[in-house]
**Student:** 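Before anything else, here's the structure in question.
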Amino acid sequence: MNDLEFFYAKKINIAEFQNDLISWFEREQRDLPWRKNKDPYRVWVSEIMLQQTRVDTVIPFYNRFMEWFPTLEEFADAEEERILKAWEGLGYYSRVRNLQTAAREVRAAYNGEVPDTPEEIAKLKGVGPYTAGAILSIAYGKPEPAVDGNVMRVLSRILLIKEDIAKPKTRKVFEAAVRELIDHDNPSFFNQALMELGALICKPSNPACLLCPVQQHCQAFEEGVQTELPIKIKVKKSRTIPLVSAIITNEKGEYLIHKRPSEGLLANLWEFPNFEIHTSLLPKREFFQAEFKALLGVIPVIQQHITKIDHVFSHLVWNVDTFAGMIDTEIDGRKLAENHYKWVNTVELEELAFPVSHQKMLKAYLEQR
DNA sequence: AAGACGGGGCC
DNA sequence: GGCCCAGTCTT
């Protein structure tokens, strides 16, 4: 049985389903800042921010982002430090760097107009199948599927689809379903309604089926198995990385900070000096001093232990011991620069983007001084 | 196909 | 403590 036959075996009244879903959305949709108009740039930014991130988290970031960068042009021209600061605390920081790369591409190749074809828009950095469909449908009214986690959950229940949604190829099954179901007169509301339903009614646990506008179309509800769907197999292991860190100041009250590499975890963000602990031969503060001396040529004075932080990422855990320290001798400026360290005052400190873990360390430090 | 890539809210 | 979130990129 191929996907299409699989789908038609579900016998659903498509016109009624569309009407029940969209009329519910028209009544109940939330008032969200990116729904003010259909400006493709605004829709695009919202979709990038919303990747793996809840609506309530995104709202304040989105509003500030639009104040800082009201147009694609202004965003394309912005300094990288500034766009990272706009994203500070949101996570998945490559999103905003890819977004700027893509915005510059739009300016160079498309005269500043976000393209409106699947082929062109999918080429943009950071725009995958979901985001392409979301922009095309919401900003341009094109009947393209926008399959995210919500849509897979909602449709797995309505159509009783039992494939593992953790598998990459499964998304295609749902895209085929959406292509059959989507309302060609209002693809924007259809796609948004599916996601809104997933967020407000058809939730991962305790779905509010009694309030559901498409309950009578839902095969999982009919069979009483809605809480067993979707099927998701994936297991993820996460490893723990022990780190030792110190917030180090000099006589001028400046802080020593380090810029992370341009690739990998927290790329291009700033942080306080820290080292991964790969030996238990030395106590942590002596280990820090040894690593610091090897890198920058001087030994910092370590004053006191500040805090121990467990910071959980999606794929690993940082276990960070943080000390307070100071430097009373000059560090070779060349060594600082080539290792991406620099001294900053408190004003500069606030203008640079730090991971939340390091914000927590600074907060604990300031509360103990 | 599987892993890297953040952070927070909810149960 | 685990799951999930308006996913994408790299390998």
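Chain letters run A, B, ... following the sequence lines, proteins first and then strands; every chain starts at 1.
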**Student:** Is there a side-chain contact between A:Tyr93 and the phosphate of B:dG7, meaning an N or O under 4.0 Å from OP1 or OP2?
**Tutor:** yes
**Student:** Does a donor on one side chain sit under 3.5 Å from an acceptor on the other, for A:Arg369 and A:Gln304?
**Tutor:** yes
**Student:** Check the angle between the aromatic planes of A:Phe65 and A:Tyr41 and answer parallel, tilted or perpendicular using the 30° and 60° thresholds.
**Tutor:** tilted
**Student:** Which residue lies toward the 5' end of DNA chain B, A:Phe354 or A:Ser205, if each is placed at its nearest nucleotide?
**Tutor:** A:Phe354
**Student:** Using atom P of each nucleotide, how far apart are B:dC11 and C:dA6 to the nearest Å?
**Tutor:** 14 Å
**Student:** Is A:Glu88 close to A:Gln359 at the side-chain level, that is, under 4.5 Å between some pair of heavy atoms?
**Tutor:** yes
**Student:** I'd like to check A:Gln52 versus A:Tyr92 (side-chain heavy atoms, cut-off strictly below 4.5 Å). Are they in contact?
**Tutor:** yes
**Student:** For A:Ile309 and B:dG8, what is the distance between atoms CD1 and P respectively, to the nearest whole Å?
**Tutor:** 12 Å
**Student:** Can you measure A:Ile135 atom CD1 to C:dA6 atom P for me and round it to whole angstrom units?
**Tutor:** 17 Å
**Student:** Please list all pairs passing the ring-ring contact (aromatic ring centres under 6.0 Å, His included) test where one or both residues lie in residues 113-148 of chain A, with sequence neighbours left out.
**Tutor:** none
**Student:** So, using salt bridge (Lys or Arg N to Asp or Glu O under 4.0 Å) as the criterion, who are the partners of A:Lys252 when residues are at least two apart?
**Tutor:** A:Glu254
**Student:** Grab the CG-P distance between A:Leu265 and B:dA4 for me, whole Å please.
**Tutor:** 11 Å
**Student:** Looking across every strand, which nucleic acid part, if any, lies under 4.0 Å from A:Arg30 by heavy atom: base, sugar-phosphate, or nothing?
**Tutor:** base
**Student:** Measure up the A:Phe313 and A:Trp318 rings against each other and bin them: parallel (under 30°), tilted (30 to 60°), perpendicular (over 60°).
**Tutor:** perpendicular
**Student:** Check side chain to side chain donor-acceptor pair (under 3.5 Å) between A:Arg42 and all other residues, then give those that pass, not counting sequence neighbours.
**Tutor:** none
**Student:** Give one of base, sugar-phosphate or nothing for A:Gly89, where a contact means two heavy atoms less than 4.0 Å apart.
**Tutor:** sugar-phosphate
**Student:** Check for me whether A:Arg260 meets the cation-pi criterion with A:Trp270, that is, NZ or CZ under 6.0 Å from the six-membered ring centre and within 45 degrees of the ring axis.
**Tutor:** no
**Student:** Roughly how far apart, to the nearest Å, are C:dC5 and B:dA1 at atom C1'?
**Tutor:** 22 Å
**Student:** Nearest whole angstrom, please: distance from the C1' of B:dG6 to the CZ of A:Phe313.
**Tutor:** 7 Å
**Student:** Mind jotting down which residue pairs meet the ring-ring contact (aromatic ring centres under 6.0 Å, His included) criterion with at least one end in residues 207-264 of chain A? Sequence neighbours excluded, please.
**Tutor:** A:Phe17-A:His217, A:His258-A:Tyr341
**Student:** Measuring to OP1 and OP2 of B:dA4, would you say a side-chain N or O of A:His315 lies under 4.0 angstrom away?
**Tutor:** no
**Student:** From CG of A:Leu316 over to P of B:dG3, roughly how many Å is that when rounded to an integer?
**Tutor:** 14 Å
**Student:** Pull out every protein N or O sitting under 3.5 Å from an N or O of nucleotides 8-11 of chain C, one pair per line with the distance.
**Tutor:**
unit_1	atom_1	unit_2	atom_2	d
C:dT8	OP1	A:Gly128	N	2.9
C:dT8	OP1	A:Gly128	O	3.3
C:dT8	OP1	A:Thr131	N	3.0
C:dT8	OP1	A:Thr131	OG1	2.7
C:dT8	OP2	A:Tyr130	N	3.3
C:dC9	OP1	A:Gly126	N	2.5
C:dT10	OP1	A:Lys125	NZ	3.3

**Student:** Can you name the atoms? Protein N/O to nucleotides 1-4 of chain C N/O, anything below 3.5 Å, with the distance.
**Tutor:**
unit_1	atom_1	unit_2	atom_2	d
C:dC4	O2	A:Arg54	NH2	3.1

**Student:** Which sits closer to the 5' end of DNA chain B, A:Asn206 or A:Tyr92, going by the nucleotide each is nearest to?
**Tutor:** A:Tyr92
**Student:** May I ask you to evaluate whether A:Gln52 reaches the phosphate of C:dC5, defined as a side-chain N or O under 4.0 Å from OP1 or OP2?
**Tutor:** no
**Student:** State whether a side-chain donor-acceptor pair under 3.5 Å links A:Gln219 with A:Arg157.
**Tutor:** no
**Student:** Taking N and O atoms by type only, does the side chain of A:Ser314 place a donor or acceptor under 3.5 Å from a partner on the base of B:dG6?
**Tutor:** yes
**Student:** Write down the distance separating the P atoms in B:dG6 and C:dT11, rounded off to the nearest Å.
**Tutor:** 15 Å
**Student:** Can you measure A:Glu47 atom CD to C:dG7 atom P for me and round it to whole angstrom units?
**Tutor:** 9 Å
**Student:** Taking CZ from A:Arg97 and C1' from B:dA4, how many angstroms apart are they, rounded to a whole number?
**Tutor:** 13 Å
**Student:** Starting the side chain at C-beta, find the nucleotide from B:dG6, C:dG7, B:dA1 nearest to A:Leu266.
**Tutor:** B:dG6
**Student:** What's the CG-P distance between A:Leu99 and B:dC5, to the nearest Å?
**Tutor:** 20 Å
**Student:** Would you state whether a donor and an acceptor, one from the side chain of A:Thr53 and one from the base of B:dG8, lie under 3.5 Å apart?
**Tutor:** no
